[in-house]
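Report on the following structure.
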Amino acid sequence: IGLKLIKFTMNNNKSKYEECFEYILRKYNEKKPEPKLIKFEERDYQNNYIELVYKELIQNKKCLMELATGGGKNYITYKIINKFNPNIVVIFTSRILLLNKQNINNKYLNILDSNYETFNWSTNRIDYYSFDNFMKYNKKRIILVCYQSTEKFYKFIKKYDEKIFV
């Protein structure tokens with residue numbers, strides 16, 4: 001079940017708690033391996049799809065992407081965001097918090113050539129003050145919003161006079 005039992009003995013008149021604490025400190029201070037940079041291997045159909053969606057957005061300013069689970073929708077979305085390089089991006093998702101976190105995970109943010117600050121509408125406590133501060137950042141921004149919050153989000157975002165990539 002993943003538990004590791006450790007037997008502590010009384011050394012140098014230390015209590016079990018002192019020994020345990022020292023052991024935890026030693027383990028905590030051990031050098032951790034560097035996180036691996038995830039390198040995506042783009043599939044042929046993804047490259048074709050990226051170009052198709054990009055052209056559609058240029059021509060018609062809108063496009064609906066539909067791919068099977070595991071088809072690479074997030075990867076494709078971030079590649080398209082990278083092509084447009086907008087200052088503000090809004091990504092609408094389902095309410096599932098795990099997917100929301102996945103959508104602004106570093107493995108996808110690393111696809112982008114520019115650095116983006118993120119705001120997760122689902123987990124950040126929404127109030128005018130915190131969102132307003134986020135919108136004042138002089139950086140590129142990605143805002144993640146579950147589609148059920150569209151109306152509430154629109155009330156906040158409509159006052160900002162900036163082009164938004166949705």
Side-chain angles (χ1 to χ4, degrees), residues 1-3 27-28 32-166:
I1 59 174
L3 295 176
K27 286 296 183 185
Y28 179 79
K32 310 282 189 281
E34 291 292 320
K36 294 178 184 174
L37 180 63
I38 296 172
K39 178 91 168 126
F40 286 97
E41 291 185 32
E42 191 171 288
R43 301 172 209 140
D44 289 338
Y45 74 88
Q46 289 174 327
N47 190 33
N48 295 338
Y49 204 74
I50 290 165
E51 291 306 314
L52 179 71
V53 170
Y54 180 72
K55 288 176 185 174
E56 183 69 22
L57 288 170
I58 293 290
Q59 286 180 335
N60 298 312
K61 308 280 190 252
K62 61 182 174 180
C63 182
L64 176 65
M65 283 194 331
E66 188 174 8
L67 279 172
T69 301
K73 289 180 288 292
N74 287 341
Y75 173 77
I76 290 168
T77 299
Y78 276 88
K79 291 296 273 190
I80 292 167
I81 290 168
N82 200 47
K83 281 179 157 283
F84 282 99
N85 196 25
N87 287 329
I88 299 176
V89 177
V90 177
I91 300 175
F92 288 97
T93 67
S94 66
R95 188 177 295 275
I96 302 170
L97 291 178
L98 178 62
L99 289 178
N100 286 352
K101 289 179 185 176
Q102 176 184 328
N103 285 325
I104 52 174
N105 187 303
N106 280 338
K107 76 178 183 178
Y108 295 116
L109 293 173
N110 288 334
I111 292 171
L112 303 172
D113 292 333
S114 299
N115 290 327
Y116 281 81
E117 294 289 323
T118 61
F119 190 94
N120 189 335
W121 189 270
S122 300
T123 57
N124 293 63
R125 293 292 168 227
I126 303 306
D127 61 61
Y128 177 78
Y129 179 75
S130 63
F131 187 72
D132 194 46
N133 282 338
F134 176 77
M135 291 301 288
K136 288 178 184 174
Y137 288 167
N138 195 17
K139 295 182 178 182
K140 294 181 177 280
R141 292 150 289 182
I142 295 178
I143 306 163
L144 194 68
V145 182
C146 66
Y147 69 88
Q148 294 92 338
S149 299
T150 303
E151 286 182 41
K152 185 177 179 183
F153 175 71
Y154 179 71
K155 290 176 185 176
F156 280 88
I157 199 72
K158 69 181 180 181
K159 79 172 203 149
Y160 300 98
D161 186 29
E162 295 188 52
K163 292 182 179 179
I164 299 172
F165 187 87
V166 179

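Residue numbers start at 1 and run along the sequence shown.
Looking only at side-chain heavy atoms (C-beta outward), Lys107 and Asn74 stay at 4.5 Å or farther from each other. Side-chain contact between Pro86 and Tyr116: present, with at least one pair of heavy atoms (C-beta onward) separated by less than 4.5 Å. Annotation: side chain of Leu144 is in contact with side chain of Thr93 (closest heavy-atom distance under 4.5 Å). In this structure the side chain of Asp132 reaches within 4.5 angstrom of the side chain of Lys136, judged on heavy atoms. Inter-residue side-chain proximity for Leu109 and Tyr78 is flagged as met; some heavy-atom pair is nearer than 4.5 Å. Side-chain contact check for Lys140 versus Val89: every heavy-atom pair is 4.5 Å or farther apart. Side-chain contact between Val145 and Ile157: absent, with no pair of heavy atoms (C-beta onward) separated by less than 4.5 Å.
Here the shortest heavy-atom pairing between Leu67 and Lys73 reads O-NZ, 3.0 Å. Nearest approach of Glu66 to Tyr49, heavy atoms of both residues: N-OH, 3.0 Å. The shortest non-hydrogen separation linking Tyr75 to Tyr108 is N-CE2, 3.8 Å. What you find for Gly70 and Arg43 is that their closest heavy atoms are O-NH1, 3.4 Å.
The aromatic rings of Phe84 and Tyr54 are tilted relative to each other, their planes meeting at an angle between 30° and 60°. Using cut-offs of 30° and 60° for the angle between ring planes, the Phe131 and Phe119 rings count as perpendicular.
Legend: residues meeting salt bridge (Lys or Arg N to Asp or Glu O under 4.0 Å) with Glu42, ordered by chain and number and at least two apart, are absent.
Crowding of Asp44 atom CG: a count of heavy atoms from other residues, nucleotides or ligands under 6.0 Å not exceeding 12. By the neighbour-count criterion of 12 heavy atoms within 6.0 Å, atom CG of Asn115 is sparsely surrounded, having that number or fewer from other residues, nucleotides or ligands.
Rounding to the nearest 0.5 angstrom, the gap separating the CD1 atom in Ile88 from the CD1 atom in Ile142 is 11.5 Å. The distance from atom OG1 of Thr118 to atom CG of Asn105, rounded to the nearest 0.5 Å, is 10.5 Å. Taking CD1 of Ile91 as the start and CD1 of Ile81 as the end, the distance is 4.5 Å to the nearest 0.5 Å. Once rounded to the nearest 0.5 Å, the distance linking NZ of Lys55 with CG of Leu57 reads 12.5 Å. For the atom pair CZ (Phe134) and NZ (Lys139), the distance works out to 10.5 Å, reported to the nearest 0.5 Å. One finds the CG atom of Asn87 at 15.5 Å from the OH atom of Tyr137 (value rounded to the nearest 0.5 Å).
Without hydrogens or angle criteria, Gln46 side chain to Gly71 main chain gives a donor-acceptor distance under 3.5 Å. Checked by atom type and distance alone, the side chain of Asn110 pairs as donor or acceptor with a backbone atom of Asn106 at under 3.5 Å.
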Stepwise, does the salt bridge (charged side-chain N to carboxylate O under 4.0 Å, His left out) test hold for Lys79 with Glu51? CA-CA 10 Å; Lys79 291 296 273 190; Glu51 291 306 314; over 6 Å; no

